[in-house]
2 protein chains.
Amino acid sequence: MKVLIIEDDPLHRSYLNEAVRAALPECDGVLEAENGNAGERLARDCKSAHVVMDLQMSERNGIEAARTIWKERPETRILFWSNYSDEAYVRGVSRIVPMGAVYGYVLKSASDDRLKLALRSIFIESQCVIDREVRGMQQKSLGNINGFTEAEYEILVDIALGLTDRAIAQRRNLSVRSVQNRLQQLYIKLGVYQPLGGQSDDGRFNLRARAVAVALLRKLLNHSALERAEADLSAWLARQPHN
Amino acid sequence: MKVLIIEDDPLHRSYLNEAVRAALPECDGVLEAENGNAGERLARDCKSAHVVMDLQMSERNGIEAARTIWKERPETRILFWSNYSDEAYVRGVSRIVPMGAVYGYVLKSASDDRLKLALRSIFIESQCVIDREVRGMQQKSLGNINGFTEAEYEILVDIALGLTDRAIAQRRNLSVRSVQNRLQQLYIKLGVYQPLGGQSDDGRFNLRARAVAVALLRKLLNHSALERAEADLSAWLARQPHN
DNA sequence: ATTTTTTCTGCGGGATCCCGCAAGGCCTTG
DNA sequence: CAAGGCCTTGCGGGATCCCGCAGAAAAAAT
C-alpha cells in the first residue's frame with residue numbers, strides 16, 4: 001500500500017508525511033507532490049495509491065486534480081485536508097465524488113489524532129470521514145434550508161462570470177425571461193432583493209453585482225470555484241458557433 | 001526586545017517561533033497570537049514588541065490587524081509573512097504602511113535563510129525587506145504600466161461591492177457621468193471593453209459584472225479586500241442621511 | 001386522473017447601464 | 001498667453017436589466 005501526498009506547503013507536507021507513517025505502519029511508501037499537476041502524474045504512474053491532498057494549491061487546484069484522478073480511477077480513496085470549509089469547496093468536492101467512492105474531508109485545524117483516525121478509517125476501514133463543520137455545510141447546501149439549489153448556484157456562477165441574461169439563456173437552454181426569474185429567486189435568497197415599495201436603500205445597489213458580492217463574502221463562491229467556472233465557460237464558448 | 005507572532009496555523013506558528021529564536025538570539029521573549037484580534041490585544045499590552053504576522057487569518061485578517069497596530073504605534077516594525085503575492089494583498093499593505101515605517105513582506109515559499117535574514121534586517125538593521133516577487137507587484141501596481149491608478153482601483157472595488165453608478169457618484173463626490181467615464185477606463189484596462197463595431201463576442205458579457213470577474217481571476221481583488229471594502233462601505237452607509 | 005404547485009414563457013415598461021459627443025475647467029509645456 | 005492634455009460634466013439614445021402580470025407547460029401531490 002502506498003500513499004500519495006499532494007500539498008504545496010512544505011511544512012504541511014512533511015507533517016502529513018509523518019502523520020501518515022505514524023497512522024499507517026502497514027504503508028510501504030509515501031510519495032509527495034507539490035501541486036495538482038505533479039500529483040496527477042504520480043497518481044497515474046503509481047496505480048493503487050491512496051491520496052491525501054490539499055485543496056487550494058497554486059499550480060492546479062485540488063478539485064481539478066481530484067476530478068482527473070477520479071476520472072482515471074474512480075475507486076481511488078482521497079482524503080481532502082483543507083484549511084477551509086467554504087461552501088464553495090464543499091460543494092465543489094461533493095460535486096465530483098464518484099458514486100460509492102470512499103473519501104474524507106478534514107480540516108487542518110483538526111487535532112493530530114483526528115487526522116490519524118481519518119487516515120485509518122478511509123484507507124483501511126473503507127469508511128468515509130467528513131468533519132462536523134464540513135458536514136454542516138453539506139446539509140445546508142444540499143438540504144435547501146437556507147441553501148441553494150443546483151439551478152440557483154448555476155446561475156450565480158454565470159452572473160459571477162459576467163454573462164448577460166441572453167448568454168446565460170443560450171448556454172442553459174432557457175428563455176431570457178426564465179433566466180431572469182431564476183435571478184430574482186437568487187436575489188431573494190441572498191437577501192438582496194428590494195421589495196418594491198421599500199425605499200430603505202434607495203437603489204444603491206445593482207442587484208446583479210451585489211449578489212455576486214454577497215456570495216463572495218459568504219464564501220458561496222471563491223477564487224477556485226471561479227477559475228473552474230471560467231474554464232468551463234471558455235470551453236463552451238469555443239464550442240459555440242461564432243454567431 | 002520582544003517579538004509578537006500572529007499566525008493562525010499552528011505549524012507555521014511554531015516554525016516561525018523557532019526561526020525567530022534562531023535568527024534573533026538577542027530577543028528575550030516571543031509571544032504568539034492565533035488571530036488578528038488576539039494579536040492586536042497583545043500588541044497593545046506589550047508595547048515595543050516587533051511583529052511578524054500572516055495576512056489572511058480567519059478571525060480578523062492581517063491587514064486590519066496591522067492597520068490598528070500601526071494606528072496605535074506607527075513605529076512598530078512588522079514583517080508580513082504570507083503565502084500569496086496577490087495584487088490585492090500587496091496593495092492592501094502598501095496602502096496602510098505609515099510614513100517612514102520599517103516593514104517587510106516575504107513569501108512563505110521563501111527559504112529558511114531568507115526569512116531569517118529578513119528578520120534581522122527589519123528588526124535589527126531597520127531596513128525594509130520586500131520579496132522580489134512582491135516588489136514586482138508593487139511596481140506593476142504603483143507605476144501604472146499595465147497597472148491601475150488609485151481612482152481605477154477604487155471604482156473597481158465599488159462595483160465589486162455592487163454599488164450603482166449613482167451610489168458611487170454620491171460616495172466619491174462625482175457626477176454620474178464621471179463615474180461612468182472611470183468605468184469605461186477600467187473596462188479598457190481590464191481588456192473587457194467591446195470596441196463598438198467589433199461583434200466578436202456579441203454582447204455575451206455584462207461589462208460591469210465581467211470586470212469584477214476578471215479582477216478576481218487576476219487576483220486584483222480577493223476575499224479579504226472585499227471584506228475590508230464592505231466594512232468601509234457599511235460605515236459610510238451608516239453615516240449617510242437616510243435619503 | 002385531477003388538483004396543486006412549481007417552472008417556463010412572452011409582454012410591457014420603468015430604471016439602469018453603456019457610451020459617443022461636446023463643452024467647460026485645471027494643469028502642464030512651449 | 002496660447003496650445004495641448006486630462007478630468008469632469010451634461011445630454012441623449014440604444015441596449016440591458018429588473019420585475020409585475022398572466023397564460024402555458026411540466027412536475028408533484030392527492
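Because only heavy atoms are used, hydrogens play no part in the values below, and waters and symmetry mates are left out as well, while side chains stay in. So you know, we letter chains A, B, ... as the sequences are listed, proteins then strands, and number each from 1.
With salt bridges taken as basic N to acidic carboxylate O contacts below 4.0 Å, none links A:E152 and A:R182. Using a cut-off of 4.0 Å between Lys/Arg side-chain N and Asp/Glu carboxylate O, A:R120 and A:E125 are scored as not salt-bridged. By the 4.0 Å N-to-carboxylate-O rule, B:D54 lies close enough to B:K108 to be salt-bridged with it. By the 4.0 Å N-to-carboxylate-O rule, A:K71 lies too far from A:E40 to be salt-bridged with it. A salt bridge is absent between B:D86 and B:R91; no separation between the charged side-chain nitrogens and carboxylate oxygens falls under 4.0 Å.
Distance B:R182 CZ to D:dT8 C1': 9 Å, rounded to the nearest Å. Taking atom CG of residue A:L186 and atom C1' of nucleotide D:dC18, one finds them 13 Å apart after rounding to whole Å. Rounded to whole angstrom, the span from the CD atom of A:E152 across to the P atom of C:dT7 amounts to 8 Å. At whole-Å resolution of the value, CG in A:D158 and P in D:dC17 are 13 Å apart. The nearest whole Å value for the distance from the CG atom in B:N206 to the P atom in D:dT16 is 10 Å. Distance B:R166 CZ to C:dT16 C1': 9 Å, rounded to the nearest Å. Counting to the nearest Å, the P atom of C:dC17 and the CD1 atom of B:I168 are 8 Å from each other. Rounded to an integer number of Å, the gap from CG of B:L174 to P of C:dG25 is 18 Å.
Of the candidate nucleotides C:dC19, C:dC17, C:dC8, C:dC19 has the atom lying nearest to any side-chain atom of B:L207. Closest to the side chain of B:S175, out of D:dT9, D:dT16, C:dC17, is D:dT9.
One finds a side-chain N or O of B:Y193 lying less than 4.0 angstrom from the OP1 or OP2 phosphate oxygen of C:dG20. Between B:S178 and D:dT9 there is a side-chain N or O to OP1 or OP2 distance below 4.0 Å.
Put simply, the side chain of A:R177 and the base of C:dG12 share no donor and acceptor less than 3.5 Å apart. Side-chain atoms of B:Q184 stay outside donor-acceptor range of the base of C:dC19, with no qualifying N/O pair under 3.5 Å.
For B:Y187 and B:N181, each mapped to the nucleotide of DNA chain C holding its nearest heavy atom, the one lying further toward the 5' end belongs to B:Y187.
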